[in-house]
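Have a look at the structure below before the remarks.
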Amino acid sequence: MKPNLLDLFIGLNEAQLTAVTADPSRPIQIVAGPGTGKTRVLTSRVAFLILEKKIPPSKIIVTTFTKKAANEMVERLTAMLSPFEVPVSELFIGTFHSICIRLLRRYHGKCGLRPDFGVADETDTKSVMKHTCPDLGEKERAKARGYISKLKAQGITPDAYRAIPRHSAEIASVYTMYDSYLESHGLLDFDDILLYGLRLARDNGKCLDFVRHVLVDEFQDTNKVQLDLLFALGDRSTKFQHNVTVVGDPDQSIYGFRSADPASFRSMAKRYENLHQVNLNTNYRSTASILNVSEAIMGHQTAKRTSKSLRSICSVKIPVVHSKHRTNNDEARWISDQISMLKAMPHLFEYSDVAILLRSRFLSRVVEQELMKKKIPYHLVQGQAFWDLKVVRSMLDYLRVVSSDLDVLAFSRTINFPARKVGAVSLEKLLSQFQSSVGFNNVGVSDMLIGVIEGTGIKLGSGVVSGLKEYLSLIQQCREDISVAENPLDGVLAAFDRIARTTDLANCVREEKSKRSKRELRDDELPENDLEELRNQIREFEPAEEILEDLKTETEQSFLDSFLESIHFYSAEKEEAQTKVTISTIHAAKGLEWPIVFVPGLTMGVFPNYNAFKADEDEEFTVPKGDENAIDEEVRCFYVAATRSQRLLMLSSFERRAIDSETSLEVSPLLKGLGKMEPKLDTLDLGIRKLLYEAMTKKFQSVSDEERQLLEAIGGAAIVGSGITTALYAPMNAPREVSGLSGRFKRKFEGQEGQRNLNRLPHINMERRGANSEVSISSATGHSNSPLQPLVNSPKFAPPRGVTSGTGKKRLGMGRPRMM
DNA sequence: ATAAACCCTATTTTT
DNA sequence: TAGGGTTTAT
Ligand SMILES: Nc1ncnc2c1ncn2[C@@H]1O[C@H](COP(=O)(O)OP(=O)(O)OP(=O)(O)O)[C@@H](O)[C@H]1O
């Protein structure tokens, strides 16, 4: 029997339903607070468009703002749509950047790009800046680069910038040089990708006529160019004009540093006279105390704001905790103690129900150490940081040179690492030689090196030349490896191994490291492991073949190029086999939820970050829309962190850094006026224990009536009603099975962490169709050592440890594999 | 001209 | 704690 579309909508409240089923040809903007089901509305709407409005999936674009969020989206849609046999992989889902890249690969000719244009990542643009303005110091370059990016994100060209009255001539000229460097090297930086995408949409609208609907998640994160792109996509054909759905929350705008523009909501209203605006007010995620504290946090924002009155569906009165510590080490120890103590309460939660959310990545170190000591399994969401590790970076640079003879940036970074006697001066000579020849004929790096080695090119010292020889021969042999291999993967792996062997990369990096820090390196920070992980990433990579007929390119990208490009646009975060505590930045946690959330480091200078105070000062010249209010962004960041928690929110601060015990730091001003918070949680206190059990299971309140009836029918009345007895009952992260993925997203999907906020009642949902089918809850005698006797204990509800939803595939966390 | 040894510093967040 | 920048040794 085919499932019914109505089944998908059965749990939605009225406002949600209105938004989901609104007329697709009228632009709609859903503005709502955290946990109100925005994302759920968005996914339901996609289902509505496909199943009810019969729009083919391939004509629907869904954008997100991080690679990770794109994965989330695919996961949710797959879970939702695969019962309907909808080919989810045909949906056009991704970040604005990835969508633009896909279009530009196909239509490069229409906007004056060469077919083999490359992408300049942050490391590359840094190199470009160093090359363009070598006399500036590194800090000034970074600042200039920041300005340039801000300008580009608003679509301001160097000339347009010069036309602004209070501009800086210096910035203008650096901007010009920077852009022309990129252009002459066939490179696009991240901002260019959007700009070219916009140009394509505007000048060659025909290419995009296939678009029938565009949906945007986290709309508050759009910058000007992205917004224009959205408008352009929405305007595609007269027949399907303005078919745009966006969801967002201005209070959760935390990407100002990436030029996210809060004015987007207003701009959209201005642009579409008939804009349909919907609000959602029921929060299905958090307790009332968490929502109260969160609302109080937003009170710190200086910019104007519409206050929210979110209604919580969870009535358990469990307090928010704020705990102060002498040093950050003490704080980390406290966190691990709390987790251990809570964990000692039987059946209360799984490790995967816990997240530690940090303002800055580097704060994870101490926390990791303490968790390790207590043998608490954890998982560090490393995201982009993995690709920036020295070994990983170097290996990728080598592979880039192997793949493209024109990649001078990667060449410059690898030629003398490890040292080959090719120092700054020799490199500079080589580069200027390359600059002058590359325009005329198609001389690549290796041709140039051959010239130098054979004496027909520029003259360099003999030590240098032998270094070049070594390098060249490595690169050539790698190319040979790839060309003779039976399949592309084997070729790349052979080249990989050759590079690792010949250069001894891992050892080089390790020596560099240990030279500085006198102590022994812990074995969790061995470069070998990172290199091994990179190799696994390559091995598991499946190039996404273009599904949409219109977007097939004449020449296919090589396996290696696909892989190198995928790093920037697709996330490869993987599922954890065991249940583990999550450590993540707040930014990477956006849109997710956990029953228990720790937010440490609420210390002046750490959170709010010290830099936020500096940002406002130095505006000697006009950069339109700089981050005027960096502090406000810190406020919102804290808001996002707090609202990730479903039940237990544990805030903490430290007074001094262990490393510098002289300076004492104030408690974060963000904590002022948040009302009463408990200094600690006494897990031995019976009252508290009772509250905890209640809190952790009360999510059953959000069960729909139908589900509640089902529960009651099977004897779960006590569970829905009262609380304590039910502790046992909620493996809050029952593993889910999701199948039916294919093609483009298969690989990505398979890498997921457990605790997604995909509807959290999987064990019930799955069985919803037949009240008499598999829901067998056997009564069981509970654990005799607990005062809180389990009422039921079925494998269905409490899967034994170690059972996972896994696909059976080997997996190694994308984070550095760390020993527990 | 290169490599090694040194000091300094300031530490966001992501495409 | 790693990277940038500077100085010194080869
Ligand atoms: N109508 C509903 N009934 C029960 N649960 C719901 C309903 N709508 C949403 N939820 C649940 O509420 C939680 C939050 O939903 P969702 O992630 O869609 O919110 P959101 O508004 O996108 O949050 P955020 O702004 O933090 O990203 C999820 O666990 C979701 O399953």
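Per chain, numbering begins at 1; letters A, B, ... match sequence-line order.
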Is a salt bridge present between A:D407 and A:R413, judged by a nitrogen-to-oxygen distance below 4.0 Å? no
Taking 4.0 angstrom as the limit, do A:E633 and A:R636 come out as a salt bridge? yes
Presence of [X] side-chain N/O under 4.0 Å of [N] phosphate oxygens OP1/OP2:
| X | N | answer |
| --- | --- | --- |
| A:N611 | B:dA10 | no |
| A:S426 | B:dA1 | no |
| A:R361 | B:dT14 | yes |

[options]: which one has an atom nearest the side-chain heavy atoms of [X]?
| X | options | value |
| --- | --- | --- |
| A:S360 | C:dT1, B:dT12, B:dT15 | B:dT12 |
| A:V425 | B:dA1, B:dT14, C:dG4 | B:dA1 |
| A:A419 | C:dG5, B:dA3, B:dT13 | B:dA3 |
| A:K421 | B:dT14, B:dA3, B:dT12 | B:dA3 |

The criterion is salt bridge (charged side-chain N to carboxylate O under 4.0 Å, His left out); which residues satisfy it with A:E370, sequence neighbours excluded? A:R333, A:K373
For A:L427, the side chain to side chain contact (heavy atoms under 4.5 Å, CB included) test, sequence neighbours excluded, returns A:F411, A:S412, A:I415, A:L431
Side chain to side chain contact (heavy atoms under 4.5 Å, CB included) partners for A:S259, two or more places apart: A:K150, A:A153, A:N223
Step-by-step side-chain contact (heavy atoms from CB on, under 4.5 Å) determination, A:Q537 to A:W387: CA-CA 11 Å; A:Q537 290 285 334; A:W387 305 104; 4.2 Å; yes
What contact category does [X] fall into here, base, sugar-phosphate, or nothing, at under 4.0 angstrom with non-hydrogen atoms?
| X | result |
| --- | --- |
| A:F65 | sugar-phosphate |
| A:R141 | sugar-phosphate |
| A:D121 | nothing |
| A:K130 | sugar-phosphate |
| A:E122 | base |
| A:G461 | nothing |

Whole-Å distance between [N] [atom2] and [X] [atom1]?
| X | N | atom1 | atom2 | value |
| --- | --- | --- | --- | --- |
| A:K590 | B:dT12 | NZ | C1' | 15 Å |
| A:E138 | B:dT11 | CD | P | 10 Å |
| A:L427 | B:dA3 | CG | P | 11 Å |
| A:E368 | C:dT1 | CD | P | 12 Å |
| A:R413 | C:dG4 | CZ | P | 11 Å |
| A:E565 | B:dT15 | CD | C1' | 13 Å |
| A:I631 | B:dT13 | CD1 | C1' | 15 Å |
| A:Y610 | B:dT13 | OH | P | 18 Å |

Are A:F569 and the base of B:dT15 stacked, counting only ring centres nearer than 5.5 Å and planes tilted under 30°? no
Kindly say whether A:R102 contributes a backbone atom to a donor-acceptor pair with the side chain of A:R106 at under 3.5 angstrom? no
Could you tell me which residues satisfy ring pair (Phe, Tyr, Trp, His ring centres under 6.0 Å) with A:F96, sequence neighbours excluded, listed by chain and number? A:F65
Considering only atom C1', compute the distance from B:dT12 to C:dG5 and round it to an integer number of Å. 23 Å
Would you mind writing out the side-chain donor-acceptor pairs for residues 585-592 of chain A within the sub-3.5 Å range, not counting sequence neighbours?
unit_1	atom_1	unit_2	atom_2	d
A:T585	OG1	A:A588	N	3.1
A:H587	NE2	A:I254	O	3.0
A:K590	NZ	A:D221	OD1	3.4
A:K590	NZ	A:D221	OD2	2.5

Pairwise N/O distances under 3.5 Å, protein to nucleotides 8-10 of chain C:
none

Start at the 5' end of DNA chain B and walk down; is the nucleotide closest to A:K67 or to A:K139 reached first? A:K139
